[in-house]
Amino acid sequence: MDGKRAKITLGKADWNFDNSYSRLPQVFFRKTNPTPVRLPKLIVLNETLAVSLGLDAQALRSTAGVAILAGNQIPPGSLPLAQAYAGHQFGHFTMLGDGRALLIGEQITPRGERSDIQLKGSGQTPYSRRGDGRAALGPMLREYIISEAMHALGIATTRSLAVVTTGEDVIRDTEQPGAVLTRVAASHLRVGTFQYAATWGTIEELRALADYAIQRHFPFVKAEENRYLALLHEVVRRQAALIAKWQLVGFVHGVMNTDNMAIAGETIDYGPCAFMDVYDPKTVFSSIDTEGRYAYGNQPDVAGWNLARFAEAILPLLHVDRSQAIRLAQDAVAAFSAQFQYQWLAGMRAKLGILNEETEDETLIQDLLGMMKKRRADYTHTFRSLSLNRPGDDALFGSEEFSRWSERWQARLGRQKEIREASQQLMQQSSPERIPRNHRVEEALEAAVQQGDFSVMGRLLQALARPFAHLPEYAEYADIPPTSNRPYRTFCGT
Ligand code: AMP
Ligand code: MG
């Protein structure tokens, strides 16, 4: 992407901003400055991420550096703006936009990559509606912990650079410490951004947005005869790969509204998300998802539904003839389900140490999942035990049924030429030992928010940084949570 690339040395953090989004037509954003906060204090800084962005961690920790992360100072080269977007929230279409976040610029990294730098919780914007534009410390730390855990699990995601407290309280159910999260993303283009353009923009504005998305994420489709159809295919492909990875680790996003689906294929918007413990496709954590619309087992279907909304939005770009455009869109979206299934099956084979393909594999996998559901087996623990060849004596592993299944599985492994070690290694690389278990996340947040003790979170972050390594010293993070008579509930990240 062209445009100005001023190297900024003021503050010495090495912010190196471009602002390509601000060169889109005016309807897509409103220039808005962050609202300064009383007393910024750095709580956590992601040094590894800072370095990969070309930022100086030491400078980010300084008073001047923290002032920027709090929105009290605007670094040179930054052009803060709130992005416009719409979205289907639980199926209902509405106008949204950044109500409590601002894009402050696109950092050009030393490797020449472009990352959105966004402050979340930085004050009101023209899109705030009745919201205060602020964020509470607990949910921002939760986003930090889970997004970084997802990254370590090898899942495409927005990242978290820092969390600062503001020295001001925010009013939610109770008064809570306010905070600002610095979010890093390939971009913040959403399905909802296209829905906004299709609903309230002109065809030229919609085309400008699509061209921008292509330039930014899929430049290789520019040469295609129908580049917008190629864009649709690419978006479908990335979502199929992403949702398969969610399913394979038991991640429940919780609020898969179309404004929370990123065109670049990254997991975005860590509100009510959580990892499933006991395997059950009906698992829902979000307190507002009373119908189970976004339950674990529904995620692939919902992704397909969201992609249909994306296809609808770009319909006029696909073909001048509307019925032809619809046909192209339907075929492209229909491909999602086979692509998802292919990726999921490949991932499941890996989790069972299977290196070649047999048609019966899917039955073998479904039979295991069926037993896990019936016997309320812990999803992560079951697969990790299999990978370590250490079946426990719980309800699943102790059963007659499991022994019979295990014999079939061993026979299946015997029908591939690779040695047993290769198979076991693949399994251990495919089934994490540690995920951000709900009780561990809650414990870290409680220590941080109630006691101002960030050491619990620090140790949790360490435990989650290498989720596939066998680390006995972090055994407590791999343990199955104590059974509770209360289901775990999450709330939209406010
Ligand atoms: P989300 O549930 O995070 O996807 O947010 C949905 C919409 O609500 C987005 O337009 C947000 O910007 C907006 N929003 C959420 N919380 C607040 C807040 N505290 N103040 C203003 N807008 C908000
Ligand atoms: Mg959102």
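Scope of the values below: all heavy atoms of this structure, side chains included, with no hydrogens, waters or symmetry mates. Each ligand, and each atom within it, is numbered from 1 in the order the structure gives.
For ligand 1, the atoms sitting less than 4.0 Å from at least one non-hydrogen atom of Asn260 are 4 (O), numbered in the order shown with element in parentheses. Near Tyr85, meaning under 4.0 Å from any of its heavy atoms, are these atoms of ligand 1: 9 (C), 10 (O). Here is the list of ligand 1 atoms found below 4.0 Å of a heavy atom in Arg172: 19 (N). Residue-ligand proximity, Ser128 to ligand 1, at heavy-atom distances under 4.0 Å covers atoms 21 (C), 22 (N). Per-residue contacts place Gly133 under 4.0 angstrom from the following atoms of ligand 1 (heavy atoms of the residue considered): 18 (C), 19 (N), 20 (N), 21 (C).
Contacts between Tyr127 and ligand 1 below 4.0 angstrom, taking non-hydrogen atoms only, are absent altogether. Neither the backbone nor the side chain of Arg190 has a heavy atom within less than 4.0 Å of ligand 1. Counting heavy atoms closer than 4.0 Å to ligand 1, residue Asn257 contributes nothing at all. Heavy atoms of Arg129 found under 4.0 angstrom from ligand 1 belong exclusively to the side chain.
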Problem - Residues Asp169, Arg134; criterion salt bridge (Lys or Arg N to Asp or Glu O under 4.0 Å); working and verdict - result: CA-CA 9 Å; Asp169 281 344; Arg134 292 298 184 191; over 6 Å; no
Handout entry: Tyr144 and Tyr270: CA distance, side-chain angles, deciding distance, ring-ring contact (aromatic ring centres under 6.0 Å, His included) verdict
Key = CA-CA 9 Å; Tyr144 188 105; Tyr270 291 88; over 10 Å; no
Handout entry: Glu168/Arg38 under salt bridge (Lys or Arg N to Asp or Glu O under 4.0 Å): CA gap, chis, key distance, verdict
Key = CA-CA 6 Å; Glu168 295 169 11; Arg38 200 168 66 87; 5.6 Å; no
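Other residues, nucleotides and ligands contribute more than 12 heavy atoms inside 6.0 Å of the CD atom of Gln247. Residue-environment remark: CZ (Arg489) exceeds the threshold of 12 foreign heavy atoms within 6.0 Å. Summarising the local packing, CZ of Phe93 is surrounded by more than 12 heavy atoms from other residues, nucleotides or ligands at distances under 6.0 Å.
Note on ligand 1: Lys120 sits outside its first shell, no heavy atom being nearer than 4.0 Å. Residue contacts with ligand 1 include Asp259, since one of its heavy atoms falls under 4.0 Å from the ligand. Using 4.0 Å as the threshold, Gln89 has a heavy atom nearer than that to some atom of ligand 1.
Each of Leu209, Leu229, Val235, Leu232 was checked for a side-chain contact (heavy atoms from CB on, under 4.5 Å) with Ile314, and the lone residue meeting it is Leu232.
For Asp211 and Arg227, the salt-bridge test passes: some basic side-chain N is under 4.0 Å from an acidic carboxylate O. Under 4.0 Å is where a charged nitrogen must lie from a carboxylate oxygen, and between Glu443 and Arg459 no such pair does. Glu204 and Arg207 are not joined by a salt bridge, as no carboxylate oxygen comes within less than 4.0 angstrom of a charged side-chain nitrogen.
Note on Asn257: not counted as a metal contact of the Mg ion (ligand 2), no N/O/S atom lying under 2.8 Å.
Of the listed residues (Ile288, Thr94, Asp269), the one carrying the non-hydrogen atom nearest atom 3 (O) of ligand 1 is Asp269. Of the candidates Asp132, Leu96, Thr125, Asp132 brings a heavy atom nearest to atom 19 (N) of ligand 1. Scanning Gly97, Ala101, Ala86, Gly131 for the heavy atom closest to atom 11 (C) of ligand 1 points to Gly97.
Backbone and side-chain nitrogen or oxygen atoms of Gly99 are examined, and one is located within less than 3.5 angstrom of a nitrogen or oxygen of ligand 1. In terms of polar-atom proximity, defined here as any N/O pair under 3.5 Å, Arg134 does make such a contact with ligand 1. Looking at Asp98 next to ligand 1, no N or O pair under 3.5 Å apart turns up.
Geometrically, Arg190 engages Tyr85 in a cation-pi contact defined by less than 6.0 Å to the ring centre and at most 45° from the axis.
Closest to the Mg ion (ligand 2) among the N, O or S atoms of Asp269 is OD2.
Ring-plane geometry between His253 and Phe251 is classed as perpendicular, the angle between the planes exceeding 60 degrees on a 0 to 90 degree scale with a lower cut at 30.
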